[in-house]
Amino acid sequence: MKHAIARWLSQAIAQIPDCGEDVRGLTAQLERTRDAAHGDFATNWALVAAPRAGRKPRELAEVLVRHLPAHPLVAAVTIAGPGFVNIRLEPDAYHQALRELLAAGERYGQIDFGQGQRVLLEFVSANPTGPLHVGHGRGAAYGASLANVLRTAGYRVECEYYINDAGRQMDILAASVWLRYLELCGETLTFPANGYRGDYLLPIAHDLLAQAGMTLRHPAAAVFAGLPPDEPDGGDRERYIDALVARTRELLGEAGYARVFNAGLDSILSDIRDDLAEFGVTYDRWYSERSLAMSGALEGTLQTLRESPHTEMRDGALWFRATAFGDEKDRVVVRENGAPTYFASDIAYHLDKYRRGFDRLIDIWGADHHGYVPRVKAALTALGEEADRLSVLLIQFAILYRGKEKVSMSTRAGEFVTLRELRAEVGNDAARFFYVLRSHEQHLDFDLELAKSQSADNPVYYVQYAHARVCSVFGQLAERGASFDAAAADLAQLTSPHETALLVALSRYPETIEAAARQCAPHHLAHYLRDLAQDFHAYYNAQTFLVPDAGLRNARLCLIAAARQVLRNGLGVLGVSAPERM
RNA sequence: GCGCCUGUAGCUCAACCGGACAGAGCAUCGGCCUUCUAAGCCGAGGGUUGCAGGUUCGAUUCCUGCCAGGCGCGCCA
C-alpha cells in the first residue's frame with residue numbers, strides 16, 4: 001500500500017517542470033502520519049526540496065499537488081503546516097488491502113526490498129569450550145530473527161557458525177578433559193587454576209573412560225613433574241597451564257591427544273548444536289577454524305600478507321600495519337614462535353566469505369569485541385576487498401533479573417548461567433521474544449519473573465493470546481453451526497474506529513518488515529506485534545463479531561482472520577509459536 | 001589517558017534518512033465479566049529527551065564541549 005503511494009508520488013515529482021534534476025531526483029519521503037487529522041500518509045518532499053530549488057516550501061507543495069494525477073486509492077491531498085503534503089486514502093483502499101492480505105496468506109509481508117541479494121549472516125560462534133550462556137542466547141535469538149526478517153524482506157540469507165576449534169583455549173579444554181579422565185582413573189591431582197572447571201566436563205571424561213579404558217592413563221606424578229608453580233603456589237596461571245598443555249601433548253602423543261581433544265570438542269559442539277536447534281536456531285553451515293589451516297587457506301592468506309607491502313617482520317613476529325588503515329595499533333598475525341594468531345585465521349575466514357560471492361556479509365558479535373572491528377576491516381581493505389560489504393553488528397549484554405533482583409552470572413553462585421537453563425525456566429517462546437524486544441545496541445534487562453508470568457504484563461502471552469482468541473471465535477462459529485464466507489463479506493461496513501485502527505495496523509506489516517530489515521532491527525517487529533495485538537484486543541472487547549447480519553459478520557471475520565494471519569506470520573519470523581488455544 | 005557505545009515519564013524501553021502535539025508497557029489511582037477466553041478492555045495523572053552551546057523553516061535525531069554509566073585498548077580467543 002505504502003509502496004503504491006510512494007511510486008505515485010515519485011512519478012509525479014519527476015514530471016514537475018522548472019526544477020533542476022537534483023530536485024526532481026529527490027525521492028519523496030513518505031511517512032505514516034502520527035495524527036489522524038493529517039490523513040494517512042504525509043511527505044516532506046517540498047520542505048526538503050525547497051532550498052535546492054530556491055523556492056518556498058509551500059509554493060513547491062502546491063506545484064506538486066497540481067501535478068499529482070488522480071489515484072484510485074487516494075481520496076484527498078492537502079497542504080499543511082510549513083509545506084507537508086498530506087494524503088488521505090479512500091476507505092476502500094483498506095478493504096482492498098484486506099482482500100489482498102487474505103489472498104496472500106502466509107506470504108503476506110514478503111517483500112522485494114532485498115531484491116534477491118545474497119547475505120551471509122554469522123552469529124553466536126561461541127568457543128566450543130563450554131555450554132552456551134544467556135549472553136549467547138541473545139545473539140542466537142537476534143541472529144535467527146534477523147535472518148528471518150531479511151529472508152521475508154527478499155534477501156537470500158545463509159546462516160553460519162564459525163567454530164573456534166583451533167588455538168590455545170581448545171588446548172586448555174583438552175588438558176582439562178584429560179585431567180578429569182585421570183581423576184576417574186583413580187589419580188589424585190590438583191586441578192589447574194586456569195583450567196575449565198565446569199561440571200559439564202565430567203560426563204565427557206566418563207565417556208572417554210568408557211571408550212578408551214585406561215589406555216590414556218599416566219601417573220599424576222609424571223603429569224605434574226617439573227611444571228612451574230600454579231597461581232595458588234605463587235606462580236603464573238598462564239605459564240602453568242601452557243606447560244600443562246605441553247605435557248599433555250608429550251605424554252599422550254599425537255593420536256592420544258587428538259582423541260582427548262576431539263572428545264571435548266565433539267561433545268560440546270553437539271551440545272551447542274542441540275541447544276540452538278531446540279531454541280529454533282539453525283545454520284546452513286558450521287565453519288571450522290581448523291579447516292582453514294588444513295585446507296591451506298590460512299597459509300595462502302599469510303603468504304599474500306607477507307608478500308604485500310602491508311606487513312613487516314618485527315621482533316621475530318609478522319606484523320600487519322593496521323595503523324595505515326585507521327586502526328589504533330599494528331597487529332601481530334604470526335607470533336615469534338611461528339604460530340598464527342586468531343586474527344590471522346579471522347582474516348583468512350573473512351577472505352573466504354568474500355570469495356564465496358555474497359553481496360553482503362553480516363557478523364554479529366558481542367559488544368566486548370568492538371575493538372576488533374577496525375583491524376578486521378583494515379586487513380580486508382589491505383587485501384583489496386571492499387570493507388563496506390561487511391557489517392559488524394554489536395550486541396550489548398543481557399542482564400538477568402528475578403523481579404527486582406539482579407541474578408548473579410557467576411558459575412560459582414549456581415544461579416542461571418546457561419541458555420539451556422534459561423529456556424527450561426521461561427520457555428523458548430518467552431526467551432525468543434524477550435531477547436529481541438530491545439534494540440541490539442541497548443543493554444537488555446531480562447526479567448525472569450516477567451517472562452514466566454502468565455499475565456497481561458507479559459508481552460509474549462499478550463500477543464499469543466490475541467492469536468488464540470481469534471481461533472476461539474472461529475471455534476465458536478463452528479459450534480453454532482455457521483461458517484465463514486469471505487466472499488459474502490460486506491467490507492464497507494467496517495467503519496468503527498476499532499475496525500479502522502485494525503485495518504491500518506494490518507496494512508503496516510510489510511512496512512514494518514522493511515524497516516526491520518533496513519535497520520537490522522527485529523525489535524520493530526516485536527513492538528509492531530504488540531501494537532497489533534492491542535488493536536485486536538480493544539476491538540474484541542468493544543464489538544461482537546458473531547452478529548446475525550451475514551454481510552457484517554463475514555466482514556468482521558475477514559478482519560480478525562487477517563489479524564490472525566499477520567500475528568502468525570510475524571511471530572513465525574521471531575521464532576515464537578502461535579498457539580490456537582491458551 | 002585514548003577509542004567505541006549509551007543517557008528519553010518513578011522503572012524498562014520506542015520514536016522509520018532531521019519532521020507536525022516525544023509514544024508504549026510496567027508501577028500508581030478509578031472503572032468493566034449472565035454476553036465470541038478477564039492471559040482481556042476503558043479512563044486518569046506522570047517529561048527542561050543528562051547539561052551548555054551550535055547548524056536550520058524545524059533537533060530526541062546532526063556538530064562541538066562538558067557530566068554520568070558500560071565496554072575495549074595482549075605475540076588471549
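In the text below, chain A, chain B and the rest are named by the order of the sequence lines, each starting its count at 1. Hydrogens, waters and symmetry mates play no part in the numbers below; they use all other heavy atoms, side chains included.
Of the candidates B:rC75, B:rC36, B:rU12, B:rC36 carries the atom nearest the A:V473 side chain, counting heavy atoms from C-beta on. Listed nucleotides: B:rC41, B:rC36, B:rG19. Nearest to the side chain of A:E31: B:rG19. Of the candidates B:rA77, B:rC57, B:rC16, B:rC16 carries the atom nearest the A:K2 side chain, counting heavy atoms from C-beta on. Here the nucleotide nearest the side chain of A:R168, chosen from B:rA14, B:rC76, B:rA20, is B:rC76. Side-chain proximity of A:A538 to the nucleotides B:rC41, B:rG19, B:rC16 is greatest for B:rC41. Ranking B:rA15, B:rC73, B:rA39 by closeness to the A:R34 side chain, first place goes to B:rA15. The side chain of A:D368 sits closest to B:rC71 out of B:rC71, B:rG19, B:rU12. With distances taken from any side-chain atom of A:Y372 to the nucleotides B:rA77, B:rC71, B:rC41, the minimum falls on B:rA77. Closest to the side chain of A:V48, out of B:rC75, B:rA20, B:rG19, is B:rG19. Distances from the side chain of A:L546 to the nucleotides B:rA14, B:rC36, B:rC73 place B:rC36 closest.
Looking only at atom types and distance, the side chain of A:N164 has no donor-acceptor partner in the side chain of A:Q169 under 3.5 Å away. Between the side chains of A:Y509 and A:Q565, no donor-acceptor pair of N or O atoms lies under 3.5 Å. Side-chain contact of A:D363 with A:Y162: a donor-acceptor pair under 3.5 Å is absent, judged by distance alone.
Using a 4.0 Å heavy-atom criterion, one finds that A:T129 contacts no nucleic acid atom at all. Residue-level contact check: A:A367 touches the backbone only, with heavy atoms under 4.0 Å from sugar-phosphate atoms and none from bases. Looking at heavy-atom distances under 4.0 Å, A:A468 makes contact with a base. Base engagement by A:Y540 is indicated by at least one non-hydrogen atom pair under 4.0 Å involving a base atom. When heavy atoms are screened at a 4.0 angstrom cut-off, A:D315 is found touching base atoms of the nucleic acid. Among the atoms of the strands shown, none is found under 4.0 Å from any heavy atom of A:L318. Among the atoms of the strands shown, base atoms are found under 4.0 Å from some heavy atom of A:R581. Using a 4.0 Å heavy-atom cutoff across all strands shown, A:Q464 reaches no nucleic acid atom at all. Across all strands, A:H523 comes closer than 4.0 Å only to sugar-phosphate atoms, never to a base (heavy-atom distances). As judged by a 4.0 angstrom heavy-atom cut-off over every strand, A:E511 is placed among residues making no nucleic acid contact. Nucleic acid contact class of A:A339 (heavy atoms, under 4.0 Å, all strands): none. Heavy atoms of A:E449 sit nowhere under 4.0 angstrom from any nucleic acid atom. Looking at heavy-atom distances under 4.0 Å, A:Q169 makes contact with sugar-phosphate atoms alone, never a base.
Between A:F536 and A:F545, the angle of the ring planes lies from 30° to 60°, which puts this pair in the tilted group. Below 30°, between 30° and 60°, or above 60°: for A:Y155 and A:F113 the angle between ring planes is above 60°, a perpendicular geometry.
Under the stacking definition used here (centres under 5.5 Å, planes under 30°), the residue A:F84 qualifies as stacked on the base of B:rA20. By the 5.5 angstrom centroid cut-off and the 30-degree plane limit, A:H527 is classified as not stacked against the base of B:rA14.
If you check distances only, the side chain of A:N86 does reach the base of B:rA20 with a donor-acceptor pair under 3.5 Å. If you check distances only, the side chain of A:N44 does reach the base of B:rG19 with a donor-acceptor pair under 3.5 Å. You'll find a donor-acceptor pair under 3.5 Å spanning the side chain of A:D35 and the base of B:rC21, going by distance alone.
Distances shorter than 4.0 Å separate none of the side-chain N or O atoms of A:R530 from OP1 or OP2 on B:rA14.
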With ring-ring contact (aromatic ring centres under 6.0 Å, His included) as the test, would you mind laying out the steps for A:Y435 and A:Y142 before giving the verdict? CA-CA 7 Å; A:Y435 270 135; A:Y142 173 73; over 10 Å; no
Give the C-alpha distance, both sets of side-chain angles, the deciding distance and a yes or no for ring-ring contact (aromatic ring centres under 6.0 Å, His included) between A:H524 and A:H527. CA-CA 5 Å; A:H524 284 310; A:H527 285 276; 7.6 Å; no
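Atoms OG1 and CG, on A:T381 and A:D388 in that order, are 8.0 Å from each other to the nearest 0.5 Å.
One finds a salt bridge joining A:E122 and A:K353 here, because a Lys/Arg side-chain nitrogen approaches an Asp/Glu carboxylate oxygen to under 4.0 Å. Residues A:E62 and A:R55 are not paired through a salt bridge, judged by the lack of any N-O separation under 4.0 Å between the basic side chain and the carboxylate. Salt-bridge formation is detected for the pair A:R32/A:E511: a Lys NZ or Arg NE/NH1/NH2 atom is positioned less than 4.0 Å from an Asp or Glu carboxylate oxygen. Ion pairing between A:R508 and A:D531 fails under the 4.0 Å rule for side-chain N and carboxylate O. Under the 4.0 Å criterion applied to side-chain N and carboxylate O atoms, A:D171 and A:R249 are assigned as salt-bridge partners.
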Which pairs, protein N/O on one side and nucleotides 1-10 of chain B N/O on the other, fall under 3.5 Å?
| residue | atom | partner | partner atom | Å |
| --- | --- | --- | --- | --- |
| B:rG3 | N2 | A:H370 | NE2 | 2.9 |

Report each atom pair, protein N/O against N/O of nucleotides 27-30 of chain B, whose distance is under 3.5 angstrom.
none

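At whole-Å resolution of the value, CG in A:D346 and C1' in B:rC76 are 13 Å apart. For the pair A:Y539 OH and B:rC36 C1', the computed distance is 12 Å after rounding to whole Å. Remark: P of B:rC26 and CZ of A:F434 are 12 Å apart, rounded to the nearest angstrom. The nearest whole Å value for the distance from the CG atom in A:L30 to the P atom in B:rG18 is 17 Å. For the pair A:M170 CE and B:rA77 P, the interatomic distance rounds to 13 Å; values are reported in whole Å. Between the C1' atom of B:rC13 and the NE2 atom of A:H440 lies a distance of 15 Å, rounded to the nearest Å. Straight-line distance from the CG atom of A:L525 to the P atom of B:rA24: 20 Å, rounded to whole Å. The distance between atom CZ of A:R314 and atom C1' of B:rG74, rounded to the nearest whole Å, is 15 Å.
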Dot-bracket, RNA chain B: Watson-Crick or G-U, under 3.5 angstrom, [ ] crossing, | other strand? (((((((..((((.....[...)))).(((((.......))))).....(((((..]....))))))))))))....
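For the ring-ring contact (aromatic ring centres under 6.0 Å, His included) with A:Y349, the qualifying choice from A:Y342, A:Y287, A:F343 is A:Y287, the only one to do so. Across A:N86, A:V85, A:V65, A:I87, a single residue satisfies side-chain contact (heavy atoms from CB on, under 4.5 Å) together with A:T78, and that is A:N86.
Of the residues near RNA chain B, A:N127 and A:G81, the one whose nearest nucleotide (by heavy atom distance) lies more toward the 5' end is A:G81. Sequence order on RNA chain B of the closest nucleotides to A:R438 and A:F474 puts A:R438 first from the 5' end.
For the pair A:R138 and A:F446, the cation-pi criterion (under 6.0 Å, within 45° of the ring axis) is not fulfilled.
Going from the C1' atom of B:rU55 to that of B:rU12 covers 34 Å, rounded to whole Å.
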